[in-house]
Structures are given as C-alpha cells and as structure tokens.
There are 2 protein chains.
Amino acid sequence: MTNEISFFENPEGTREEILEATFYALRQHGYADLTISKIGDEFGKSQSLIYHHYDDKDELLVDLLDYMLEQVENQVPLPNQSPEAYIEVIIDEIFGTSSNSDIEFSQAVIELRAQAAHDDDYNRLFRRSDDFIRKQIARVIQAGVDAGAFDVEDPSQTAALFHTVLVGIQAERITSDEDTIDDVRAEFRRYIEHCLLSE
Amino acid sequence: MTNEISFFENPEGTREEILEATFYALRQHGYADLTISKIGDEFGKSQSLIYHHYDDKDELLVDLLDYMLEQVENQVPLPNQSPEAYIEVIIDEIFGTSSNSDIEFSQAVIELRAQAAHDDDYNRLFRRSDDFIRKQIARVIQAGVDAGAFDVEDPSQTAALFHTVLVGIQAERITSDEDTIDDVRAEFRRYIEHCLLSE
DNA sequence: TGTAATTGATTATATATTCAATAAGTATAA
DNA sequence: TTATACTTATTGAATATATAATCAATTACA
C-alpha cells in the first residue's frame, strides 16, 4: 500500500514536509486523536522541530486546511472546453475516481469541515473555498446558457445544487458502498439531462 | 436563549440525562474537545456518576450516536399521506426549519459521521440509519409511481440522490448562509418537478 | 437491610509546549 | 583558501496541565 497523493509527491521544504506528515497522521488517527507526537512520528524527525516551524498545533492545522483547500480549488477544472464536456469533468470530480487516496482525502476534508462549527478560522476558509467553487461552476453553466447548450433559470442556483451534491458525496463516502454512490451518479445524470441540457 | 431540542425535553432516568448532557457538551465544544469533565459540568452532577452508568467514554458516545440516529429515523415521516404531500414533507425535513436547534443537531450529526471513518461502531450505526432512510424514501417514491403520480426509472436510485442532498445540506449548513441553502432548495424543487412528477 | 445513586480524592498517563544545547550550513572578511 | 560569524535545522530532556478511569466511602431510598 503506497501513499500516492498527487499534491504531496515532492514536498518543497521542511514546512511542506510537516504538512504532509500532518495530513497522513490526520488520515490515520482522525482529528480528535491527532497529536503532535503522532505528527512527529509520521514526519520522521523530532516534535520539537515542528515547533520551530509552527507556533502551535492550531497554526499548523489551519495551515494544513489552507493548503488542502488550495489543492481542492486547483482541482476545479478550467473552463477551457465546451460546456457539455466541462459538465462531464465536473461529474467525474464530484463522484471521484473512487481511488483510495481520493476517498481518504475527501474524508479528511469532511472531518475538517465539521470543525468549522467550532473554529472561526476553519469557517472562513471553507466559506471562501465553497464560494469559489460555486462561482466557478455557475460561470460555466452561464456560458452554456449563452451558447444555447443549457437551459436553466438561474445558473448560480443550479451551481448551488451541484455543490451540495459534491459535499454530500464527500460525507456519504465515509460510510456508503460504491453501489449507492453509483445510484446517486446515475440519478444526477438524469437530473442534468432533464433540467440542464437544452432539448 | 433556551435549549428546546424536542427529543430531550424530559429525559427519562439518569442515563438519558447523561446523554442529554453529552449532546449539549458536544454541541458546545465539538467532538475533539469533548471531555468527561465537560459532560459532567453540563450534567450538573459528578463525573464519577457517569462512570457508574457507562463503562467508559467510548460506550457513552456510541450510545449517544445510537440515540441520536434513533431520533433521526423517527423524524422520517410515515408514509400515511399522498405521495405528493409526502415529498413536500421530505423537502421540509431535508432543508429544515432553519431553527437553531435543528442546525446544531445537524452539525453534531455531521461531526459524528466524520468519526465513522475511524470507528467501526459509528460506521455500522450510520450505515444502518442511512439504509433505513433511503429505503423509506424509495418506498414512498415507488408508491407514487404505482399511483401514477411519479415517473422515474428506479425509485431507490432517486432516493439515493435525495439522501445525498440531505447529507450535503447537513454538511453545508455548518458554513453556508441561508441564501445559498435557499438556492439549493429551489433547484431541488425544479429537479422534482422535471424528474419526478408525471406530466 | 440491601440496593442504587452519588461523591471526592487519587492515580497513571498523555499531551502541548518550552528550552537549552548541538549540529549543519552559508555567507563574509582576511 | 581559511577563519569567523551568523543563521537555520535539529534534538532530548523537562514541565505543567488535562484527562480518563478507579475506588473507597457516603447518602438516599426501597
């Protein structure tokens, strides 16, 4: 079993190595059981060194979330293709490749999202990221409407449902089997056909 | 500010009082910072008494989740009305009354769901609850199809998307403003009109 | 009398954080 | 090139605190 998460392939500098270690420790032990000691183990170097790069645990975790959400935002495909093709790509992103690393990444994100209920920094970062993604999707849908390919009332309203399904799948992945996810994907396709595409 | 969560109105017996206290402590401090001491504070009696009723913290939290999911399942409306009316009730349940207690309950559920990634007991309970809800929705959709009110290929597939939206809204509520939730609701209504109701 | 409720004190451990000390690396002046 | 100063990386030990869990003792109660 290898750890092949793309964006951590070759960390640049110690700080990024620490983020990588924190991410793996989070995946393995979960947020509630995440300790500096466990991060240090994953890091391979001493715990003290972590404090040389970060003031405290909080700062480290907020930095990790920032880093992860940056990756999420970068993963949103650029609108450099036809609206129809773009929607296909979005669907693939939402429902994922069902690879282990994808699923584990989603789980980590959801776990951090849950913390946003009690931490303003987390809340702010998720708000920013969610807004960004919704707007990106809305923009493409608007382009599709302009091109006559799509037919919707309000693109940002449609994008809002896209995003809810994205987050819902992330949360469901934790417990649901692949068959259920497949059902959701099929039904979402049906929605797109009937409610998005022009006749 | 009063705590008016319906199902905790009058706890029967000490165990239920402890569950109530645990729930409030969870809401206030979050799962990661949830300690027996804080539960004891909320409980109003000594921490030791908690150990008289529960073997350890784990047992208590699993029992809380079990209890909460029971409430969730009981909240799924009975199919004793017309399919069309039932769908309306389901939408209200999914998007909630936006009352504080509803939102806080959702947040607690999502936070516990995130733990399912690292705890088999949690995983099992959520699987059971999710299956139950999906099947309940699917049954009603099937009834609507039989009555000629609905027109879908596969009711359990449609129910799967309903459930994803339910969970997605729960997770989004943590950070999203009410306007965004309203957008999702409007789009979901559009979906139902175009993809569920017969012409 | 016996059973359940309740408490306070206690303990062992885990955890975040600090700190002084050392090693390694890098630029600079001779 | 070498010596010097300076910065950064790195560590192990130490500390204060928080936390889960235990338990013997006491109170309420049936």
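Here is how names work: the chains are called A, B, and so on, in the same order as the sequence lines, proteins then strands, and each is numbered from 1.
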Interatomic distance, [X] [atom1] vs [N] [atom2] [rounded to whole Å]:
X	N	atom1	atom2	result
B:D56	D:dT19	CG	P	17 Å
A:K45	D:dA9	NZ	P	10 Å
A:H52	D:dG12	NE2	P	16 Å
B:R15	C:dA5	CZ	P	11 Å
A:H53	D:dT11	NE2	C1'	13 Å
A:D41	C:dA14	CG	P	13 Å
A:L34	C:dT15	CG	P	10 Å
B:Y51	D:dT19	OH	P	12 Å

### Task
Compare every heavy atom of B:R134 with every heavy atom of A:S176, then report the nearest pair and how far apart it is.
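Scanning both residues completely, I find the closest heavy atoms to be OG-NH1, 3.8 Å.
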
### Exercise: identify the closest heavy-atom pair between A:I18 and A:F43
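Heavy atoms of A:I18 and A:F43 come nearest at CG1-CZ, 3.6 Å.
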
### CA sep, side-chain torsions, deciding dist, call: A:D182, A:R185, salt bridge (Lys or Arg N to Asp or Glu O under 4.0 Å)
CA-CA 5 Å; A:D182 286 346; A:R185 194 203 324 251; 3.1 Å; yes

#### Entry: Out of C:dT15, C:dA16, D:dT11, whichever nucleotide has its closest atom nearest the side chain of A:K57
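Nucleotide nearest to A:K57's side chain: C:dA16.
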
### Query
Given D:dG12, C:dT15, D:dA20, which nucleotide is nearest the side-chain atoms of A:S48?
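Nucleotide nearest to A:S48's side chain: D:dG12.
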
Which part of the nucleic acid does [X] contact within heavy-atom distance under 4.0 Å: base, sugar-phosphate only, or nothing?
X	value
A:T35	sugar-phosphate
B:I36	sugar-phosphate
A:I39	nothing
B:Q47	nothing
A:I50	nothing

### Query
Does the side chain to side chain donor-acceptor pair (under 3.5 Å) test come out yes or no for A:D177 and A:T180, once each step is laid out?
CA-CA 6 Å; A:D177 45 69; A:T180 304; 3.0 Å; yes

### Message
Closer than 3.5 angstrom, by distance alone: can the side chain of A:R127 be matched with the main-chain N or O of B:T175 as a donor-acceptor pair?
### Response
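Such a contact is found between A:R127 side chain and B:T175 backbone.
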
#### Entry: Residue closer to the 5' end of DNA chain C, A:D55 versus A:D33 (nearest nucleotide)
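Result of the comparison: A:D33.
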
